[in-house]
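First the structure, in the form of structure tokens, and then the observations on it.
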There are 2 protein chains.
Amino acid sequence: MSEDRAAEQLQYIKTEVKRCQVRWTAQRQVIVEHFIANKGHYTVEDFFGAVSVQDSSISMATVYRTLNLLVDIGVAVKRVFGDGPATFEFILNRDHHDHLIDVDSGEIVEFVDEDIERLQQLVAEELGYDLHDHRMILYGRKIKK
Amino acid sequence: MSEDRAAEQLQYIKTEVKRCQVRWTAQRQVIVEHFIANKGHYTVEDFFGAVSVQDSSISMATVYRTLNLLVDIGVAVKRVFGDGPATFEFILNRDHHDHLIDVDSGEIVEFVDEDIERLQQLVAEELGYDLHDHRMILYGRKIKK
DNA sequence: CTTGCTGCAAAAGGTTTGCAGTCAA
DNA sequence: TTGACTGCAAACCTTTTGCAGCAAG
């Protein structure tokens, strides 16, 4: 991703936060910059480790609070895969996608399948519901060549 | 479900447990009977409440241990919907199915769609994986008539 | 008898929260 | 100046575990 794009996203988040809450702090800036720069699925622990390098005074509590704030303003999603800790994923300017998890390595692969999306819509309708959202995780084992 | 079916299932579980572990206890009997009689998605808390009525000495720890045991022998699955506590579902003699959750009431509807199942297989293969398992949850709002 | 199971209470994770001081606006 | 935010530590919640006694086989 280009520097410009990152700056633009940071600006957007900053504005959103200030609109909803009130304060934009140094801690939030550091955490959000990390979030924008490192796309993927990270636990709070991951963030805390990375962010501590830059500013060792930032507490776990602030990481939690900031990440939850990002979820509230809609630029991040919290996902719980199985039993472990929740992971946070940056979704600003990202299209919807689902996940396939490698049962051996734990690696997460993202994908979209338009046909499945369409069918999900249909299934929900048949059951008498408006589809609002969905979560789909495939668990697989890498095919050896 | 008929009484016979319930008795048969209880017998099956009893045999399985004794084969894998060693002891079949009064507590396990009470918990498993409840599990067989009340199909659906229940938290440990739910079970603990229901089972306590019958035998108030049964502890939360035993409920957890028994439910985990049932998962181990393959007659139950543990599911985590969102943030709350895990729920356990009885799956002995049940076909695979997915879930639709009513975002307003929290009600859970079960369904299967063979086309989606097929496509999931396909998608996994395209990504280079053997599909091992999957989890799909649709979130919807009831359509008013 | 043997050894797995139970209840209890304590511990273990992950996450949230109360508080007094700090800092953005 | 004001009150939202922060770090800290304590609290919370769900789930697991160590232990001494109990009980199934």
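Everything quoted here is computed from the prediction, not taken from an experiment. Protein chains get the first letters and strands the later ones, always in sequence-line order, with residue 1 at the start of each.
Following rounding to the nearest Å, B/Arg79 (CZ) and D/dT14 (P) show an atom-to-atom distance of 20 Å. Note: CG (A/Leu67) to C1' (D/dC5) measures 16 Å, nearest angstrom. In this structure, CG of A/Leu69 is placed 17 Å from P of C/dT15, rounded to the nearest angstrom. The distance from atom CD1 of A/Ile58 to atom P of D/dC5 is 15 Å, rounded to the nearest whole Å. Between A/Met60 atom CE and C/dT15 atom C1' the separation is 9 Å, expressed in whole Å. Taking atom OH of residue A/Tyr64 and atom P of nucleotide D/dA11, one finds them 18 Å apart after rounding to whole Å. The distance between atom CG of A/Asp83 and atom P of C/dA12, rounded to the nearest whole Å, is 19 Å. Between B/Gln29 atom CD and D/dA23 atom C1' there is a gap of 16 Å when expressed in whole angstrom units.
At the heavy-atom level, B/Ala86 lies under 4.0 Å from the strands shown only through sugar-phosphate atoms. Residue-level contact check: B/Ser57 touches the backbone only, with heavy atoms under 4.0 Å from sugar-phosphate atoms and none from bases.
Side-chain contact annotation: B/Gln121 with B/Glu125, donor-acceptor N/O pair under 3.5 Å absent.
Comparing C/dT16, C/dT6, D/dT15 by their closest approach to the side chain of B/Lys78 singles out D/dT15. Nearest nucleotide to the A/Ser59 side chain, out of D/dC8, D/dT16, C/dT15: D/dC8. Of the candidates C/dT15, D/dT16, C/dG7, the closest approach to any side-chain atom of B/Asn68 belongs to D/dT16. Of all nucleotides listed (C/dG4, D/dC8, D/dT2), D/dT2 comes nearest to the side chain of A/Arg23. Listed candidates were C/dC5, D/dC5, C/dT15. Nearest to the side chain of A/Thr25 is D/dC5.
Note on A/Arg28: every side-chain N or O is 4.0 Å or more away from OP1 and OP2 of C/dA24. For the OP1/OP2 pair of C/dG7 and a distance below 4.0 Å, the side-chain nitrogens and oxygens of B/Gln27 include at least one atom meeting the criterion.
Mapping B/Trp24 and A/Val17 onto DNA chain D by nearest heavy atom places A/Val17 at the nucleotide closer to the 5' end. Each of B/Phe88 and B/Lys18 was assigned the nucleotide of DNA chain D with the nearest heavy atom; the assignment lying further toward the 5' end belongs to B/Phe88.
Under the 4.0 Å criterion applied to side-chain N and carboxylate O atoms, A/Glu110 and A/Lys39 are not assigned as salt-bridge partners.
No side-chain heavy atom of B/Phe88 sits less than 4.5 Å from a side-chain heavy atom of B/Leu70.
With hydrogens and angles ignored, a donor-acceptor pair under 3.5 angstrom links the side chain of B/Arg65 to the base of C/dG7.
The shortest heavy-atom contact between B/Ile116 and A/Ile116 is CG2-CG2, 4.2 Å.
Tested against A/Val75 for a side chain to side chain contact (heavy atoms under 4.5 Å, CB included), the candidates A/Leu92, A/Val32, A/Leu69 yield a single pass: A/Leu92.
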